Amino acid sequence: MAVAKKKTTKKKNTAGKVVKRGTVKVVKDKYVPSGSFHVAIPNTPIFDEKGKLCGVTNPRDMTYMHSYGGEAPFFDALAKGVLLGTKCVNPDCEFKGSIYLPYRIHCPDCLSKMKKVTLTGLVKKTARVHTFMITERTGAFNTLKKPIKFINIEFDGVCTILMSYLSVGEPEIGMRVVPIFRTKNPTYTITDLSWVPLGTPKSKLPAGFTF
Amino acid sequence: MIKFSKEQLKIPEMSRPVYLVTVGESEFRRAFPHKRTEELCVDAMQMAAELIDMSPAELKRYIHTCYYGHFADHFGDQLLGESVIHDRLGLDPLGNIGVKTGGATGGSTMWEAVKAVASGYSDCALALGWERMDEVPTDEGNHLISCAADKDWETPLGHIYTGYYAVMAQKYWQVFGKSEDSFRRTMAEIAVKNHGYACYNPFAQAPMKITVEDVLKSPVVAYPLRALDCCLMSVGASCCIVADEKTARKMTDKPLRIYVGAGSHTLRPADRRDMDIPLLPNETPSQYKDLGERFPGGDRYPGFTGFLAARMAAYYAYGMAGVTDPCEDLDMVELHDAFTISDIQTYEDIGIRPYGEGRDYVESGDCYHTNPNTGKPGRLPANLSGGLIGCMHAVGATGLMQISECALHIWNKHAEIHGDPKRWKAYGKKKPKDWQDLTVRNCKRTLAISHAGVGSHVTATILVDPDHLLKKSGKKKKKASSKRKGGKK
Ligand SMILES: [Zn+2]
């Protein structure tokens, strides 16, 4: 006897499951998303201990599409093991020649577009810990290993102090550090840049990172 | 900007004097599962009406424009939450606007309302602020707060805002605190004081009788900061109503002159370039020459140890009110004690003590209601409300709560409001048997500092009893000076 094959469809209750997220391309200057970008999860009621209704949960689960704009070269370069900063080259600027890291697109004084400068060599020679903090506490969505060792790094000839994190050893004010880059499977975020004490052997670097 | 023009250093002028008429607060708690935000806002408005013997309807008749301080929309999943509150307070169709400057939101909201009256646009304006941070789990809340940092350069680093400030605390601790046990204990005393004062404040969230040892034994959050060094996360509302002189006198017998100054500094501390220290009126060009020698590592200004935004807010507000020395001219202050160590940093930024010497404000006993060293009234009591550590930090409401608490001292209503057993009962609390009256006697001038996170925005609000003005008009010009530090490369 022939039977109609019953199609088994898994009930789509996505709560608590890892959902493969959509990806985005830019085509003709427009975002083109494909795949799943949000998950609709039903709300649930909130009662107090006496059974009185107080409210409801409102689950929200979504993905943003964010443009790095003119800072994109900085994040792209990290994946290639290069640290970029910018320099004001406007001859009329009162503070011309100032070098910025964090990479900023425009000079904060004269607003002229600044010049990209490769700082990898300079920072390898001069990076020092200005201050630091070790914390076990993180917020939701954190991807860094705990405890996080925040370090703020000063460089000769750079007028700003970069925030990042130390991947090997214990931070101290004044300590010499060198940059490492996540060149394998880069995330294209600021977490692709990290630091280790000067003299750290290659074998000690976290997975995916190179000097 | 690291150099200022004469135009930028102009002491702000107001076209006409502005007066604080009345204030209100709700109770503050970690969570209000049984209350909507507007219920808390109505509580604050009702207190404001009662304080000047009006019904809420009578009070509302004077209000012409409305300024709402509410920082974190994303916590409530409700954009234009200001419109919800505006409707529920029955203030449509008056013009209203939302104000957001992180932890300084309350102070900035006051700033806007004061300017509306000063300009003549409105004769009476409402500044009302609230925050509700109880509607997401704590780790998601930490992520949402970290969105107030730079989302490309800081937020991905742990999604934890306290970490972005904690590096500043570390620098101050090592450079100006010299990592000394005695400095660590001074930090702890601030927590003991503020939790202690909260015991006598019915609005407060965290009354605690603790010791320095308790603070030092509390869990490490980010060394040297421990759990009891940190401010609260709160829900609640506060309001302040301002008016021009004629309207103010119709509404109450004792309106207070109000001045607000505001400053800012880069959202990322990373971007703060070395610069000269802008001086306050009680400072001299020579006094910081050897700062880097006395405190090795302390020669970069503001570096990670000072808040330029606070200094600028104080500079503008002192100039407006005619304050030349905060310890001489002011009678009490409410400071933004987000952390015990940031409280000490602020003493220096606003000139209560010179840079490097903030700890002395606590150690001298000056910051207490009653100086523990002498038994006499403290020279400039700070945070008698309990501050952010003992009373609350419901972000959009905080700056307005501080102004409200300051005003109650000048009006001599502090004991009446804080000591009313009915208020304690209404909040489900018992008035403590050892309740203390923390009123500052003969209080004529006060200062409230409202401050955002790592110091991106700061406001300074000065209230003055109009019979004790330091200067008649806001037009007296003050010379701004700035000096070159010694020991610079
Ligand atoms: Zn320039």
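Owing to the predicted nature of the structure, the values given are computational and were not obtained by experimental measurement. Chain naming here is simple, since letters A, B, ... match the order of the sequence lines and numbering starts at 1 in each.
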Apply the test side-chain contact (heavy atoms from CB on, under 4.5 Å) to residues Ile148(A) and Leu157(B): give CA-CA distance (whole Å), side-chain angles for both, the deciding distance (0.1 Å), then the verdict. CA-CA 8 Å; Ile148(A) 301 176; Leu157(B) 301 171; 5.9 Å; no
Structural part of Leu144(A) lying under 4.5 Å from a heavy atom of chain B: side chain
Locate the shortest heavy-atom distance separating Pro224(B) from Met133(A); write the atom from each residue and the value. CD-CE, 4.4 Å
Quick one: donor-acceptor pairs between chain A and chain B, under 3.5 Å, side chains and backbone, table format.
residue: Asp48(A); atom: OD2; partner: His34(B); partner atom: NE2; Å: 3.3
residue: Arg60(A); atom: NE; partner: Asp77(B); partner atom: OD2; Å: 2.6
residue: Arg60(A); atom: NH2; partner: Asp77(B); partner atom: OD2; Å: 2.9
residue: His66(A); atom: ND1; partner: Lys151(B); partner atom: NZ; Å: 3.3
residue: His66(A); atom: NE2; partner: Asp152(B); partner atom: OD1; Å: 2.8
residue: His66(A); atom: NE2; partner: Asp152(B); partner atom: OD2; Å: 3.1
residue: Glu71(A); atom: OE1; partner: Trp153(B); partner atom: NE1; Å: 2.8
residue: Glu94(A); atom: OE2; partner: Lys3(B); partner atom: NZ; Å: 2.8
residue: Tyr100(A); atom: OH; partner: Arg273(B); partner atom: NH1; Å: 3.0
residue: Arg104(A); atom: NH1; partner: Asp271(B); partner atom: OD1; Å: 3.4
residue: Asp109(A); atom: OD1; partner: Arg273(B); partner atom: NH2; Å: 3.2
residue: Asp109(A); atom: OD2; partner: Arg273(B); partner atom: NH1; Å: 2.8
residue: Asp109(A); atom: OD2; partner: Arg273(B); partner atom: NH2; Å: 3.3
residue: His130(A); atom: O; partner: Lys171(B); partner atom: NZ; Å: 2.8
residue: Thr131(A); atom: OG1; partner: Val167(B); partner atom: O; Å: 2.6
residue: Thr131(A); atom: OG1; partner: Lys171(B); partner atom: N; Å: 3.3
residue: Gly139(A); atom: N; partner: Gly158(B); partner atom: O; Å: 3.0
residue: Gly139(A); atom: N; partner: His159(B); partner atom: O; Å: 3.2
residue: Ala140(A); atom: N; partner: Asp139(B); partner atom: O; Å: 2.8
residue: Phe141(A); atom: O; partner: His159(B); partner atom: NE2; Å: 3.4
residue: Cys159(A); atom: O; partner: Arg300(B); partner atom: NH2; Å: 3.2
residue: Ile161(A); atom: N; partner: Ala270(B); partner atom: O; Å: 2.9

What part of Val175(B) gets closer than 4.5 Å to chain A, counting heavy atoms only: side chain, backbone, both or neither? neither
Please identify, among Ile145(B), Val220(B), Val221(B), the residue contributing the most non-hydrogen atom pairs under 4.5 Å to chain A. Val221(B)
Go through Ile173(A), Ile153(A), Ile46(A) and name the one with the most non-hydrogen pairs under 4.5 angstrom from chain B. Ile173(A)
